[in-house]
Amino acid sequence: MEKAPSGPLRGLRVLDLTRVLAGPTCTQMLGDLGAEVIKIEKPGSGDDTRGFAPPVWPETQESAYFLGVNRNKKSLTLDIAKPEGQAIVLQLLDGCDILVENFKVGALAKYGLGFEQLSQKFPGLIYCSITGFGQTGPYAPRPGYDSLIQAMGGVMSLTGEPDGLPQKVGVPVADLFAGLYGCIGILAALRHRERTGQGQQVDIGMLDTSVAWLANQGMNFLATKENPPRLGNQHPNIVPYQVFPTKDGHIVLSVGNDPTFARFCEVTGQQALLKDERFATNAARVANRQFVTDTLTPVMQQRSTDEWVAALETAKIGCGPINTLEKVFADPHVQARKVVVEMPHASGATVEVIANPVRLSSTPADYRVPPPQLGEHSEEVLSGLLGLSEAEIAALRDKGVV
C-alpha cells in the first residue's frame with residue numbers, strides 16, 4: 001500500500017507535462033516534499049529518458065537516467081493530441097493546484113492547454129513553463145538543450161584550461177538549475193495564491209537561469225566590462241583556491257582569506273612567504289597568481305593527498321581529495337547522511353536513488369512512489385480520480401488515447 005505523504009506540500013496535486021530533465025527535476029522536488037504528482041506520458045514510448053540507455057537498472061530495463069528524476073510520480077499514459085486526451089487533462093486539472101510543462105512556446109495552446117486558455121477556466125491554477133529561452137524575446141521559439149544553453153549562457157567560456165577548449169560542466173547543470181528555479185517560482189506562487197486565491201504563470205527560461213548563476217563571474221564582468229579568462233581549476237578572486245598535484249594524486253586547496261593563508265604557511269613550513277609582499281594579502285596573491293602557483297606546487301608534491309588532508313584539516317584549512325563517484329558513494333560522511341535511498345520497483349527489483357538534499361526537521365522529504373513503469377498508474381488515476389469505468393478505460397485504450 002502506498003505510504004501517505006508527510007512532506008510540507010501534502011494535499012497539493014501536480015499535473016506533470018514534462019519530460020527529460022529540467023521539468024522532471026522540478027516535479028520530483030515537489031513530489032519529494034509531499035505533493036501528489038501525476039506524470040503524463042506519451043502512450044507507447046513515454047518520457048524520452050526511458051530510452052536514454054545504457055545503462056539500465058538491473059532486472060528492470062528502466063534507464064538509470066529516468067529513475068533519477070521520476071520518483072514520487074504516478075505515470076498516466078495519455079495522448080494529449082487527441083480531443084479525448086485533452087478532455088481528460090481538463091478533468092484532471094479540476095482537482096490540480098499546479099501544472100508544470102516544458103513544451104516549446106505555444107505548443108500546448110494548439111490543444112487548448114495554454115496558460116491563457118486554462119487560467120480562464122482554472123483561475124487558481126499555478127502554471128509553470130520551463131523552456132530554453134522563456135515565453136518572450138526573439139529566441140522564444142527555439143528549442144533549448146543543456147549544452148546549447150551552457151554555451152550561450154557563458155559558463156562554457158569560463159570553464160576549461162586557459163589554453164584549451166571551452167568546456168561544459170560534467171553534468172547538465174543548465175537543466176538542473178532551471179528545474180530548481182521553477183520549483184522556487186511555484187512555491188512563491190503558492191504563497192501568493194494563499195493570500196489572493198489567484199494563480200499565475202511561472203515563466204522559466206534556461207538561458208535566464210544560466211545567466212543568473214554566473215554569480216561572481218557575472219558580477220566581475222559587470223564591474224569591469226572585461227571578459228573573465230578561463231582559469232582551469234583556479235578561482236578568479238581568491239588565491240590559492242585551486243587543484244594542486246600531490247605525491248600520489250591531487251588535492252583541492254581552498255584558502256579563503258589571509259588568516260587561513262597564514263595557518264597554511266605554518267602547516268607547510270613556508271612561514272617565510274608571509275614576509276614576501278607578493279604573498280602578504282589575497283589581492284597580492286591574485287595579482288601574482290602564476291608565481292604563487294609555481295611556488296606552492298613543489299611544496300604540495302612533497303606529501304600524499306591523505307597526508308595533506310590530515311594535516312590541513314587539523315589547522316581548519318579547506319581541502320579535500322578529488323573523488324571518483326565510487327569514492328563519493330563510499331565516503332563515510334555521505335553514507336552517514338543517507339544520501340542513497342532504496343525503493344522497491346514494480347518489476348520486483350530494488351532500485352537505488354539519490355536522496356533529496358533538502359533536510360527539513362519537522363516535515364522531511366519522503367519516498368512514497370518508486371519511479372514508475374510506463375502507464376503503471378493509468379487505471380488508478382482514471383478510475384480513482386475521474387471515476388471512469390473499466391469499459392470507458394478500455395474504450396480509451398482501443399482509440400490509443402491512453
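The figures that follow rest on heavy atoms only: side chains count, while hydrogens, waters and symmetry mates do not.
Taking the charged nitrogens against the carboxylate oxygens, E36 and K74 do have a contact shorter than 4.0 Å, which makes a salt bridge. Under a 4.0 Å N-O distance rule, the pair E194/R191 qualifies as a salt bridge.
Side-chain contact of T27 with K73: a donor-acceptor pair under 3.5 Å is present, judged by distance alone. Counted by atom type alone, N257 and N282 present zero donor-acceptor pairs between their side chains at under 3.5 Å. Side-chain contact check for Q290 and D294: at least one donor-acceptor pair (N or O, by modelled atom type) lies under 3.5 Å. With hydrogens and angles left out, the side-chain atoms of T293 and Q242 include a donor and acceptor closer than 3.5 Å. Side chains of T49 and D47: a donor on one and an acceptor on the other come within 3.5 Å. A donor-acceptor pair shorter than 3.5 Å cannot be found between the side chains of Q150 and S147. A donor atom on one side chain and an acceptor atom on the other are found under 3.5 Å apart for Q234 and R289. Between the side chains of S6 and D366, at least one donor N or O lies within less than 3.5 Å of an accepting N or O. For the residue pair Q91 / D94, no side-chain donor-acceptor distance below 3.5 Å is found, with atom types taken as modelled. With hydrogens and angles left out, the side-chain atoms of T246 and S304 include no donor and acceptor closer than 3.5 Å.
A22 and I130 get closest at one heavy-atom pair: CB-CG2, 3.9 Å. The nearest pair of heavy atoms linking E84 to V401 is CB-CG2, 3.9 Å. Residue G400 comes nearest to P43 through the heavy atom pair O-CG, 4.0 Å, listed as atom of the first residue, atom of the second, then distance. When every heavy atom of E41 is checked against every heavy atom of S75, the shortest pair comes out as OE2-OG, 2.7 Å. Nearest heavy atoms, G23 versus T18: C-OG1, 3.3 Å. Of all heavy-atom pairs spanning A189 and V202, the tightest one is CB-CG2, 4.3 Å.
Judged purely by atom type and a 3.5 angstrom limit, H250 has no side-chain atom pairing as donor or acceptor with the backbone of F244. A donor-acceptor distance shorter than 3.5 angstrom exists from the side chain of E376 to the backbone of Q373, with no hydrogens or angles considered. Between the T314 side chain and the A310 main chain, a donor and an acceptor come within less than 3.5 Å of each other. Counting only distance, with no hydrogens or angles, the side chain of W213 and the backbone of F177 share no donor-acceptor pair below 3.5 Å. With hydrogens and angles disregarded, no donor-acceptor distance shorter than 3.5 Å links the side chain of Q200 to the backbone of I126. Under a 3.5 Å cut-off, the side chain of R10 and the backbone N or O of L33 do not form any donor-acceptor pair. With hydrogens and angles disregarded, a donor-acceptor distance shorter than 3.5 Å links the side chain of D248 to the backbone of T305.
Counting non-hydrogen atoms of other residues, nucleotides and ligands closer than 6.0 Å to CD of E379 gives a total of 12 or fewer. The environment of CD in Q117 is crowded: more than 12 heavy-atom neighbours from other residues, nucleotides or ligands sit within 6.0 Å. Heavy atoms from other residues, nucleotides or ligands lying under 6.0 Å from CZ of R359 number more than 12. The environment of F221 atom CZ is dense: over 12 non-hydrogen atoms of other residues, nucleotides or ligands sit within 6.0 angstrom. Within a 6.0 Å radius of CZ in F264, more than 12 heavy atoms belonging to other residues, nucleotides or ligands are found. No more than 12 heavy atoms of other residues, nucleotides or ligands lie within 6.0 Å of CD in E390, so this atom counts as exposed by the packing criterion.
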Problem set entry | Step-by-step side chain to side chain contact (heavy atoms under 4.5 Å, CB included) determination, L99 to V14 | CA-CA 6 Å; L99 183 151; V14 180; over 6 Å; no
Problem set entry | Derivation and outcome, side chain to side chain contact (heavy atoms under 4.5 Å, CB included), residues M29 and T25 | CA-CA 6 Å; M29 178 65 78; T25 295; 5.9 Å; no
Exercise. How far apart are the C-alpha atoms of Q270 and V299, what are their side-chain angles, what is the distance that settles it, and do they pass the side chain to side chain contact (heavy atoms under 4.5 Å, CB included) test?
Worked result: CA-CA 9 Å; Q270 301 298 310; V299 174; 3.8 Å; yes
For this session: Report the C-alpha distance between Y127 and F122 in whole Å, list the side-chain angles of each, state the deciding distance to 0.1 Å, and finish with yes or no for ring-ring contact (aromatic ring centres under 6.0 Å, His included).
Result: CA-CA 10 Å; Y127 189 112; F122 309 102; over 10 Å; no
For this session: Starting from the C-alpha separation in whole Å, work towards a yes-or-no answer on side chain to side chain contact (heavy atoms under 4.5 Å, CB included) for I251 and C319.
Result: CA-CA 7 Å; I251 190 172; C319 65; 4.0 Å; yes
Problem set entry | Trace of the salt bridge (Lys or Arg N to Asp or Glu O under 4.0 Å) decision for R193 with D97 | CA-CA 10 Å; R193 192 181 70 173; D97 303 277; 2.9 Å; yes
Please list every donor-acceptor pair under 3.5 Å in which a side-chain atom of residues 336-354 meets a protein atom from a residue at least two apart or in another chain.
from	atom 1	to	atom 2	distance (Å)
H345	ND1	S347	N	3.1
H345	ND1	S347	OG	2.9
H345	NE2	P371	O	3.4
S347	OG	A349	N	3.3

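I149 contributes atom CD1, which lies 12.0 Å from atom CE of M156 (distance to the nearest 0.5 angstrom). Considering OG of S383 and CG of L388, their distance stands at 7.5 Å, rounded to 0.5 Å. Rounded to the nearest 0.5 Å, atoms CD1 (I80) and CG (L90) are 11.0 Å apart. Note that the CG atom of L158 and the CD atom of Q217 stand 5.0 Å from one another [nearest 0.5 Å]. For the atom pair OG1 of T77 and CG of L374, the computed distance is 6.0 Å after rounding to the nearest 0.5 Å. Distance CD1/I204 to OG1/T131: 9.0 Å, rounded to 0.5 Å.
No cation-pi contact links R50 to Y65, judged by a cut-off of 6.0 Å to the six-membered ring centre and 45° from its axis. In this structure, R285 fails the cation-pi test against F279, since its NZ or CZ atom is not both closer than 6.0 Å to the six-membered ring centre and inside 45 degrees of the ring normal. A cation-pi arrangement is absent between R71 and Y367, since the terminal nitrogen or guanidinium carbon is not both under 6.0 Å from the aromatic centre and inside a 45° cone about the axis.
For D203, the side chain to side chain contact (heavy atoms under 4.5 Å, CB included) partners two or more places apart in sequence, or in a different chain, are Q135.
Between Y139 and F133, the ring planes are perpendicular. Angles over 60° get that label, and only those under 30° would be called parallel.
With contacts defined as side-chain heavy-atom distances shorter than 4.5 Å, the pair S254/H235 does not qualify.
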